[in-house]
Amino acid sequence: YEIVGVTGVQTCALPIYSQDVSGTVSDASGPLPGASVLVKGTTKGAQTDFDGKFTIKNVGSNAVLVFSYIGLKTQEVNVAGRSNVNVTLKEDSAELKEVVVIGYGSVKKKDATGAVDQLSSKSFDNVGAPNPADLLRGKVAGVQVTQSSGEPGAAASIRIRGNSSIRSGNGPLIVVDGVPLDGGDVSAGSDIGLGSSSARNPLNFINQNDIESMSILKDASSTAIYGSRGANGVVVITTKKSKSKEPQLTYSNSFTFSSLASNLELMSADQFVANGGKDNGSRSYNWEDAIMRNAFSSNHDVSFTKSTENSSTRVSIGASNTEGIVDKTGLDKYTFALNNSNDFFGGALKVDTKVNYSSLRDQAALISNNAGFIGNLIGASMYWNPTNSIYNPNGTFNVINNTYVNPVQLSDVYTDYTNTNKLLASIKSTLKINDNLNYQFLFGVETSSSSRKNQLDRSEERRVGKECRSRW
């Protein structure tokens, strides 16, 4: 009895229950050399040879083989007692079928040449950013994104592989749906007589939720079609189109709270007096409370998509309100996007129509770059004697002299609004001449109008001693 039992145990471990397994690994193009074949749960495996063939010795009859190759979907196959296993790996739709948009059109990621990186909408769906430039921050190798200031809508400096010029611009060319923007660098700020204000970002007009992908073209090969304009790299933005045959109505929203990231501790009133400062009696002043706030921002987006066999349409409307942490700063943005595609003559002719319209209302405070504390709200608030009161007993502002500006009063008397309307539209027709040759024609229009209205109370102008003119 014991002998029989032992024999049964030995039989379960005998090599008769394992076998050599061989086969061929292929993809859609044929045999696949260099593919990895691994027995699941072990370190035993092999790689396919030049003809896509492999052999693994002593494989259990119920073992599972794992086939993998870079850019193709990993596939698991149960041996099930077979000695020959042939597998065809499929392309990974998230990788190789991902379309990379380049200057000459679009190619599959595996076929792209040159230094090209791409971010799909999946990479930033959960990222809240006031403009598309911020979406690139920390996501693409060799790309630096630097914000000029913390104001909503402030310009962002984009550098691809560093600075390449000392005297000329270093910003990349921006292309949206095939249409190069007029000047890819940041827009200049303006001077109202109290120093220049911060620049504004030309990409503010694009709604983040309308972006399908962003391609970054880095080298001469990938940017060649744009000539010298692409010398500093190219950022190609592609907007979303309809992918669903069934009508879909989608609403999304997000809410954000902002506050000062770190406190810059200045002397309190008591510390100021203890260090020899003049004591004017007040102990209620705090420079942060005087000009700053906890900001609230909201974003709302509605989109409708529908597709048929020969056409597809996507319409979206967005509204966002972004408050700055400095009083009387913020950016209101309203966007409309249309993407329509139609096939004619059995697919021989394809016409794509894209429209992006935005209306921006930008509110700015008196924060200048080069005017010192008199023309800078933040500088004035830090320079204010903490023992001075902000208001007189009768409720009026406490005015010291012409060169010592009450920061709360400076904020209160200054008003600055910029209204911008921008339209970017394009029509692209693609004529299929044969299976290997297409003729493509693109007509694009970019137009914008902007008006800035700012006012500084005349009495305040006299106090700060500046010869600047109020204007509306």
Side-chain angles (χ1 to χ4, degrees), residues 121 124-135 147 150-156 174 176-177 179 181-182 186-187 197-212 214 237-242 248-258 295-306 313-340 353-365 415-426 444-454 472:
S121 57
F124 48 77
D125 273 345
N126 296 321
V127 178
N131 66 79
D134 289 339
L135 300 176
Q147 201 79 10
E151 293 180 76
I174 308 295
V176 180
D177 288 331
V179 180
L181 297 186
D182 183 19
V186 296
S187 59
S197 61
S198 299
R200 289 294 178 261
N201 196 316
L203 294 180
N204 285 336
F205 76 98
I206 301 178
N207 187 342
Q208 171 188 334
N209 292 317
D210 289 333
I211 298 176
E212 177 67 26
M214 300 177 68
I237 299 176
T238 304
T239 57
K240 292 179 178 178
K241 60 183 180 181
S242 176
Q248 288 187 352
L249 181 64
T250 305
Y251 168 75
S252 62
N253 62 63
S254 63
F255 302 94
T256 306
F257 296 90
S258 305
F296 173 77
S297 303
S298 62
N299 293 277
H300 304 272
D301 292 281
V302 178
S303 65
F304 174 78
T305 61
K306 182 181 180 180
T313 302
R314 181 182 187 273
V315 180
S316 70
I317 299 174
S320 68
N321 172 265
T322 305
E323 292 183 346
I325 61 173
V326 177
D327 286 338
K328 300 177 70 174
T329 62
L331 176 65
D332 294 336
K333 178 166 66 174
Y334 304 93
T335 62
F336 169 82
L338 169 66
N339 192 326
N340 178 259
T353 304
K354 297 182 180 181
V355 178
N356 284 280
Y357 173 80
S358 65
S359 176
L360 307 176
R361 181 175 174 85
D362 187 4
Q363 183 182 15
T415 303
D416 188 340
Y417 284 102
T418 301
N419 296 313
T420 304
N421 297 303
K422 187 176 184 69
L423 173 67
L424 182 67
S426 65
V445 175
E446 178 195 7
T447 179
S448 63
S449 63
S450 181
S451 62
R452 183 178 183 183
K453 300 178 181 180
N454 50 68
W472 281 95

Note, T447 side chain near N421 side chain (heavy atom, < 4.5 Å):
no
Are the side chains of F205 and L423 in touch, meaning some heavy atoms are under 4.5 Å apart?
no
Closest non-hydrogen contact found for T238 with D177 is CA-OD1, 3.6 Å
Do the non-hydrogen side-chain atoms of T313 and S242 ever get within less than 4.5 Å of each other?
no
Is the ring centre of Y334 less than 6.0 Å from the ring centre of H300?
no
Looking only at side chains, do S316 and D210 share a donor and an acceptor under 3.5 Å apart?
yes
Would you say the side chains of N419 and Y417 form a donor-acceptor pair under 3.5 Å?
no
Just wondering, do S303 and R314 contact through their side chains at under 4.5 Å, heavy atoms?
yes
Scanning both residues in full, the closest heavy-atom pair of K328 with Q363 reads O-CG, 3.1 Å
Do D362 and T420 touch side chain to side chain, with heavy atoms closer than 4.5 Å?
no
Please tell me if the side chains of I206 and S358 come closer than 4.5 Å, counting only heavy atoms from C-beta onward.
no
Any chance you could measure E323, atom CD, to L331, atom CG, to the nearest 0.5 Å?
11.5 Å
Does any non-hydrogen side-chain atom of L181 lie less than 4.5 Å from one of L203?
yes
Any sub-3.5 Å donor-acceptor pair from K240's side-chain atoms to N209's backbone N or O?
yes
Minimum-distance pair of heavy atoms, taken over all atoms of G330 and P152
CA-CG, 4.0 Å
So do the side chains of N299 and N253 get within less than 4.5 Å of each other, counting heavy atoms only?
no
